[in-house]
There are 2 protein chains.
Amino acid sequence: MPTLPAQRTTLADVAAAAGVSVSTASLAFSGSGPIADRTRSRVLEAARTLGYAGPNPLGRQLRSGRSGIVGVVMGDALRRAFRDPVTIQVLDGLVTRLGPLGLGVLLVPGPHDASQPPVDPLLASAAMDVAVQMWGGTTDDPVLETLRNRGIPIVLVEGTPQPDVAAVGIDDRGGMAELTRHVVALGHTRIATVTLPFDRDRAEGAADEARLARIGWEITRRRLRGVTDAGVQPVVVWETPASLVEHGAAAGRALLSGDDRPTAVLCQSDLLASGVVLAARELGLRVPEDVSVAGFDGLDLPWLAPDVLTSVSQPLADKGAAIGDAVADLLTGGTAEDRVLPVSLRVGTTTGRPPA
Amino acid sequence: MPTLPAQRTTLADVAAAAGVSVSTASLAFSGSGPIADRTRSRVLEAARTLGYAGPNPLGRQLRSGRSGIVGVVMGDALRRAFRDPVTIQVLDGLVTRLGPLGLGVLLVPGPHDASQPPVDPLLASAAMDVAVQMWGGTTDDPVLETLRNRGIPIVLVEGTPQPDVAAVGIDDRGGMAELTRHVVALGHTRIATVTLPFDRDRAEGAADEARLARIGWEITRRRLRGVTDAGVQPVVVWETPASLVEHGAAAGRALLSGDDRPTAVLCQSDLLASGVVLAARELGLRVPEDVSVAGFDGLDLPWLAPDVLTSVSQPLADKGAAIGDAVADLLTGGTAEDRVLPVSLRVGTTTGRPPA
DNA sequence: GGCCTCGTTCGAATCGATTCGACCAGCCTG
DNA sequence: CAGGCTGGTCGAATCGATTCGAACGAGGCC
């Protein structure tokens, strides 16, 4: 059972013990400014005997006006966001990039369920030098509004481009177009697509025209555009409430049950695609002989082995690093350029010629 | 391209604009202390017109001595930690619990590769009121040492109990014993186990006596003890470098290839177990007719469907909440009791009678 | 009418560091 | 030997809020 220390020793204590002024003691730790080696070691020695573990970050932060913290706002409840390997890997890339800069990542829950207060207390009042919004981010997003109001610079990942935020994304549209052309080249004409959520409503099922006209989330719209860019009108556009295997499986069961089923299913994520593959197997359909399935993201999915999903690979760790770069730019220069990363088609074993 | 605000407006500006003193303005925001309604609304009005979004957290933190931040140290590179659904779900439970308390989670990378500095800069100097070590945590852990030195109270999850840290864990040993008894009751005698890493070395392969004598990580040791508690001497103890499907698959291939293969494989995690199941299928073995496989954690693994892994369910979200409670106790009372959560056996479809 | 009290508001100290300009001694140069 | 420079140290101001005790005005009571 640990106990809180009675009284932290401060830099002033150390200075007194070493017989120097506080400012000199500060110099001994920060390394900035001139200080004699002998003096420094005397201060360090005093610190050691007093059990002083270095300057209190709170004091330093107030003075410098910097907290060294990057708030990462998940576009969804953490529970769900964390189940998405894409988000996780990007986050990992980000942390890896930020670490050497001495910046830490603070997890900020995104929009809660309706039962919760609309704006998370952390979002409203935690200290952060920059915020990263990982998903969603429409123009009228309350998260963005709060951050703007607080004067916190924003990096928006896969969101709607806006004048005062730095955007990081990938070539969704081009990648999806390339994937679609690959499937078309194989001879498919009856093509369905399974999409990411349209907006916060997170509906599930085939989308009608009206629904299609109101896609709030940029990422979903762009990947859908990629399909039409390649000249394909999907026979069905199936919306899912989240990028998870089970929602893909549900979509697969619905799309592949009928007699006039599509010969190819293009999914906006690999998790959705693997759900479709599982559903197909469950229905006794062979992939790709009876139906071709493709995803997006380029994940390694060990449980589909020996199959390899045909997919659009995006550089996840690089995306995290790019976000980190944008953060660094914002912090040093005050501005950051938009960043768009390239993607590449990965042809696997889940796509082939349509059944005769 | 966002720009850093030229000059943040401070509480003093707001006070001046409202024609009150700084202390009164502070009262208007904090709500503590008496203040006339008219005065408060005047201050709030002034704040609004000045675009003041509330007290600067840095100032407040310095004064209060609290940062409102809980550092979570992953016992591994984030890259790997994040791929583990167990860690993720616990983290989610923790964040959910901490949010309403106004506490945020700061991700602190754990022990890096050997190429990196031994102690992460964040660990050494980021502001945090309490630290949570998620994995590992032996007595001589450099992470714990650094935290102790900084005087930061510690919550240790699944680590080695130590006098000055609050421990949170589950009944590993009892759960594994129960699982083992279940398999024994089915008639199995040739039982192998696939374990979590023994220590930072992360070796892979069958462990000999010498290796078995030096298991550094408590969680691995406890789950192994559970097996022997049930009176079983495993025919092989296979160590893995991480709890991932691919390492389980490698273990499965190695264990199930020979003629004198075990009839049951007990794994210390569900991810490892599902790797073993995949390897078995790959080798043409039926589960559970030819070989029984069991895991630990009680995860939902949609891609094993329609199979359900026999496993030991642990309450992951509750574990996160328990960690949050320990953190809260530490912050208010200065001490926290150890917490041990119960587990329960989940009998699925992957265990059955041994082949005749 | 004077005094006490209650409800508000204000001033000043404080949290723990960083940093800028002043200052001082010693050394180099003219 | 005087003046100038430089490396090293120190004082004091500052970052932005919170908080405690003092002060103050108004209303109630004796």
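Heavy atoms only: backbone and side chains are in, while hydrogens, waters and symmetry mates are out. Order of the sequence lines sets the chain letters (A, B, ...), proteins ahead of strands, with each chain counted from 1.
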Inset, instruction - Determine whether B/W217 and B/T160 make a side-chain contact, defined as any pair of heavy atoms from C-beta on separated by less than 4.5 Å. - result: no
Legend entry - Rounded distance (Å) that lies between atom C1' of D/dG11 and atom CG of A/L11: 15 Å
Legend entry - Closest listed nucleotide, where the reference is the side chain of A/T24 and the choices are C/dT14, D/dC10, C/dA17: D/dC10
Inset, instruction - Could you please name the option among C/dT9, D/dC10, D/dA13 that lies closest to any side-chain atom of B/P34? - result: C/dT9
Inset, instruction - Given salt bridge (Lys or Arg N to Asp or Glu O under 4.0 Å), test A/R97 with A/D92 step by step and report yes or no. - result: CA-CA 9 Å; A/R97 181 59 142 230; A/D92 180 62; over 6 Å; no
Legend entry - Of the listed nucleotides C/dT19, D/dT19, D/dG11, the one nearest the side chain of B/R63: D/dT19
Inset, instruction - Go through the structure and list residues passing side-chain hydrogen bond (donor to acceptor under 3.5 Å, both in side chains) with A/Q133, not counting sequence neighbours. - result: A/D141
Legend entry - Distance in angstrom units between B/Q61 CD and D/dT19 C1', rounded: 18 Å
Inset, instruction - Give one of base, sugar-phosphate or nothing for A/P55, where a contact means two heavy atoms less than 4.0 Å apart. - result: sugar-phosphate
Inset, instruction - Please report, rounded to the nearest Å, how far the C1' atom of C/dT18 is from the CG atom of A/N56. - result: 13 Å
Inset, instruction - Go through the side-chain N and O atoms of A/S26 and A/S23 and say whether any donor and acceptor fall under 3.5 Å apart. - result: no
Inset, instruction - Please step through salt bridge (Lys or Arg N to Asp or Glu O under 4.0 Å) for the pair B/K319 and B/E158, ending with a clear verdict. - result: CA-CA 10 Å; B/K319 184 147 84 172; B/E158 305 292 5; 2.7 Å; yes
Inset, instruction - Would you mind reading off the distance between A/L62 atom CG and C/dT19 atom C1', rounded to a whole angstrom? - result: 13 Å
Legend entry - Set of residues satisfying salt bridge (Lys or Arg N to Asp or Glu O under 4.0 Å) with respect to B/R42, sequence neighbours excluded: none
Legend entry - Presence of salt bridge, B/R339 and B/D318, under 4.0 angstrom: no
Inset, instruction - Check side-chain hydrogen bond (donor to acceptor under 3.5 Å, both in side chains) between B/E45 and all other residues, then give those that pass, not counting sequence neighbours. - result: B/R48
Between protein and nucleotides 20-27 of chain D, what N or O pairs are separated by less than 3.5 Å?
none

Inset, instruction - Please check the phosphate of C/dT18 (OP1 and OP2 only) for any side-chain N or O of A/S26 closer than 4.0 Å. - result: yes
Inset, instruction - Verify the contact: side-chain N or O of B/Y52 to OP1 or OP2 of D/dG16, cut-off strictly under 4.0 Å; return yes or no. - result: no
Legend entry - Residue-phosphate contact under 4.0 Å: B/R60 side-chain N/O, D/dT18 OP1/OP2: yes
Legend entry - Counterpart residues, side-chain hydrogen bond (donor to acceptor under 3.5 Å, both in side chains), relative to B/R148 (two or more places apart): B/Q162, B/D164
Inset, instruction - Output the residues of residues 35-49 of chain A in contact with DNA chain D, where contact means a heavy atom of the residue under 4.0 Å from an atom of the strand; sort by number or write none. - result: A/I35, A/A36, A/T39
